[in-house]
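In this text the structure is predicted, and so the values were computed from the model without any measurement. The first residue in the sequence is number 1, and the count goes up from there.
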Amino acid sequence: MTHTDFQPFHQVILARALVQPEALCVIDDKTHLNYRGFTQRVGQWAAWLSRNNLGKGDRVGLLMTNTADHLGLILALSASGVVHISLTL
């Protein structure tokens with residue numbers, strides 16, 4: 001395998017959402033989301049990032065608990081080209 005055989009994680013999730021939108025994607029203590037619901041949440045985070053002028057090349061640090069929103073924000077940051085480091089509480 002070469003580096004060209006790999007897709008960014010956010011692209012893998014979005015591609016799966018097209019094939020199996022109703023399949024279970026993310027579970028945390030309060031949330032059970034299928035791929036459709038999870039990608040909608042990622043879209044909401046991406047819109048929030050855009051409204052707050054965060055985009056390609058910007059740097060962000062996250063300190064969050066391990067939740068569906070944490071994972072959704074990581075994917076939105078990746079898809080937006082924002083450099084990030086994530087620490088879990």
Side-chain angles (χ1 to χ4, degrees):
M1 281 190 155
T2 67
H3 70 282
T4 58
D5 295 329
F6 296 98
Q7 290 183 304
F9 186 59
H10 66 274
Q11 289 180 2
V12 173
I13 296 295
L14 295 174
R16 176 63 66 168
L18 293 174
V19 177
Q20 292 182 305
E22 298 306 317
L24 189 57
C25 179
V26 177
I27 300 172
D28 68 22
D29 290 341
K30 299 176 184 173
T31 308
H32 288 70
L33 291 172
N34 60 23
Y35 280 93
R36 176 179 289 124
F38 183 64
T39 56
Q40 287 172 348
R41 188 165 294 185
V42 170
Q44 292 168 347
W45 278 117
W48 182 88
L49 292 169
S50 179
R51 284 192 308 274
N52 287 280
N53 298 314
L54 291 167
K56 188 172 183 167
D58 288 325
R59 293 176 289 261
V60 172
L62 300 177
L63 180 61
M64 298 176 73
T65 56
N66 214 2
T67 63
D69 277 328
H70 187 185
L71 184 56
L73 183 51
I74 289 171
L75 263 65
L77 289 164
S78 295
S80 299
V82 176
V83 178
H84 60 280
I85 185 166
S86 180
L87 302 171
T88 304
L89 292 173

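Hydrophobic cluster membership differs between V12 and V26, with clusters built from Ile, Leu, Val, Met, Phe, Trp and Tyr side chains linked at under 4.5 angstrom. By the criterion of side-chain heavy atoms lying less than 4.5 angstrom apart, applied directly or through intervening Ile, Leu, Val, Met, Phe, Trp or Tyr residues, V83 is not grouped with L49; the two fall into different hydrophobic clusters. L24 and L71 fall into different hydrophobic clusters, defined by Ile, Leu, Val, Met, Phe, Trp and Tyr side-chain heavy atoms under 4.5 Å apart, directly or through other members. W48 and M64 fall within the same hydrophobic cluster, defined by Ile, Leu, Val, Met, Phe, Trp and Tyr side-chain heavy atoms under 4.5 Å apart, directly or through other members.
The OG1 atom of T67 sits 9.0 Å away from atom CG of L73, with the distance rounded to the nearest 0.5 Å. Taken from CD1 in I13 to OG1 in T39, the straight-line distance is 9.5 Å, to the nearest 0.5 Å.
Scanning for side chain to side chain donor-acceptor pair (under 3.5 Å) contacts around H10 gives an empty result, with sequence neighbours left out.
Residues G72 and W45 come closest through the heavy atom pair C-CD1, 3.8 Å. Here the closest heavy-atom approach between residue R41 and residue D69 is recorded as CD-OD1, 2.9 Å. Closest of all the heavy-atom pairs between A46 and S80 is CB-OG, 4.4 Å. Summarising the geometry of L33 relative to G37, their closest heavy-atom pair is CD2-C, 4.3 Å, with the distance given to 0.1 Å. Taking all atoms of both residues into account, the shortest heavy-atom contact from V82 to G55 is CG2-O, 3.4 Å.
Within the structure, every pair that satisfies the side chain to side chain donor-acceptor pair (under 3.5 Å) test and touches residues 24-35, not counting sequence neighbours, is listed here: E22-N34, D28-T31.
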*asked:* As a quick check of understanding, evaluate side chain to side chain contact (heavy atoms under 4.5 Å, CB included) for H70 and T65, giving each step before the final call.
replied: CA-CA 7 Å; H70 187 185; T65 56; over 6 Å; no
- Task: Starting from the C-alpha separation in whole Å, work towards a yes-or-no answer on side chain to side chain contact (heavy atoms under 4.5 Å, CB included) for F38 and L75.
- Result: CA-CA 10 Å; F38 183 64; L75 263 65; 3.7 Å; yes
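H84 places a side-chain heavy atom less than 4.5 Å from the side chain of S78.
For the side-chain contact (heavy atoms from CB on, under 4.5 Å) test with L62, the passing option among L77, T88, L87, I85 is L77; the others fail.
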